[in-house]
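Keep in mind that this is a model prediction, so the values were computed, not measured.
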2 protein chains.
Amino acid sequence: MNKLDSNVVVQIGIIVKDVEKTASAYAGLFGIPRPEVVPIADDSFANTTYHGQASEAKGKAAFFDLGPVQMELIEPLGAPSTWEEFLRTRGEGIHHIAFKTQDMGAAREFLASKGMETVQQGGWDGGQYAYVDSSKQLGTILELLHFDK
Amino acid sequence: MNKLDSNVVVQIGIIVKDVEKTASAYAGLFGIPRPEVVPIADDSFANTTYHGQASEAKGKAAFFDLGPVQMELIEPLGAPSTWEEFLRTRGEGIHHIAFKTQDMGAAREFLASKGMETVQQGGWDGGQYAYVDSSKQLGTILELLHFDK
């Protein structure tokens, strides 16, 4: 593998202080009901690690399907996480762009070969994710998303 | 008009210090040649204004068409501009998400009614753009893009 297996951005992730409030603002722009705010990284599928150490950090999120791209608003809860770190050091803003991958290990290895190391990983009932700190090289964090099916 | 006329994100804009360098890094990820770096806001179509005042600020940009979403890397040149301000105050990072609009005036008026004011506007040979400071409400700047055809 010498590249990502897809160049299609599937998600934009925005870190916010108050997900209900920001989700309401987007819903008002789009003329749609506010999506449900849901817990993330808070169940037995989470297994969150941050810089290789288990973390109890969680979040609350709202998802908007904007044509082919999903927008995820994330309010960090607890620490340590890349979400909490971003909010603390940069304030609200766009945290990541996400790409799907079929082979998480190969994708992480490929990015690591370019100096872009995984800083947080975990899962949900249906897949796994990894956040890769590519800020220095790419101007943003990348997220890799693997869907079990 | 009581909403944006499209909820589809068409572009993600990233502010970078060195567009050639960052564009090369993305090209390496995607396994494609580095796109050409092109001047922006530097011709007779530009008519750039920043907070209502004419500005000579320009930029250098590289564009990646990532499926349905375009990624624009922007290196600010000169000041004042929202690009230069972002780099100076936040460093490299994702600056905006863009939506197409057919009626720029109505879209700007709609956003202004929600406290999201246009901070920079201008044009190119083929259309007009407006950056709207929605950071407080939406966690990011929005760009409105109007294509002449």
Closest non-hydrogen atom pair, [X] against [Y]:
{"X": "A:Leu29", "Y": "B:Lys3", "result": "O-CB, 3.0 Å"}
{"X": "B:Val69", "Y": "A:Val69", "result": "CG2-CG2, 3.0 Å"}
{"X": "B:Gln137", "Y": "A:Ala25", "result": "O-CB, 3.6 Å"}
{"X": "B:Gly67", "Y": "A:Val8", "result": "CA-CG2, 4.2 Å"}
{"X": "A:Ile97", "Y": "B:Tyr26", "result": "CD1-OH, 4.5 Å"}

request  = Among B:Glu92, B:Lys21, B:Met71, B:His96, single out the residue with the greatest number of heavy-atom pairs under 4.5 Å to chain A.
outcome  = B:Glu92
message = Counting heavy-atom pairs under 4.5 Å with chain A, which one of B:Val9, B:Thr140, B:Leu66 comes out on top?
response = B:Leu66
key: Proximal to chain B - members of residues 33-52 of chain A, heavy-atom separation under 4.5 Å   = none
key: Positions in residues 12-20 of chain A that reach chain B, provided some heavy atom is under 4.5 Å away   = A:Ile12, A:Ile14
task = Could you tell me which portion of A:Ile141 (side chain, backbone, both or neither) has an atom closer than 4.5 angstrom to a non-hydrogen atom of chain B?
result = neither
task = Pick one of side chain, backbone, both or neither for A:Phe64, based on which atoms fall under 4.5 Å of a heavy atom in chain B.
result = neither
message = For B:Ser135, which atoms come within 4.5 Å of any heavy atom of chain A: side chain, backbone, both, or neither?
response = backbone
task = Can you tell which part of B:Leu73 gets under 4.5 Å to a heavy atom of chain A, answering side chain, backbone, both or neither?
result = neither
Under 4.5 Å between side-chain heavy atoms, hopping through other hydrophobics if needed: is there a path connecting [X] to [Y]?
{"X": "B:Tyr129", "Y": "B:Leu142", "value": "no"}
{"X": "B:Ile74", "Y": "B:Ile94", "value": "no"}
{"X": "A:Trp83", "Y": "A:Leu87", "value": "yes"}
{"X": "B:Phe110", "Y": "B:Met116", "value": "yes"}
{"X": "A:Leu4", "Y": "A:Leu145", "value": "no"}

inquiry  = I need the full list of salt bridge (charged side-chain N to carboxylate O under 4.0 Å, His left out) pairs touching residues 67-78 of chain B, with sequence neighbours left out, sorted by first then second residue.
reply    = B:Lys60-B:Glu75
key: salt bridge (charged side-chain N to carboxylate O under 4.0 Å, His left out): pairs with one or both residues in residues 118-145 of chain A, sequence neighbours excluded   = none
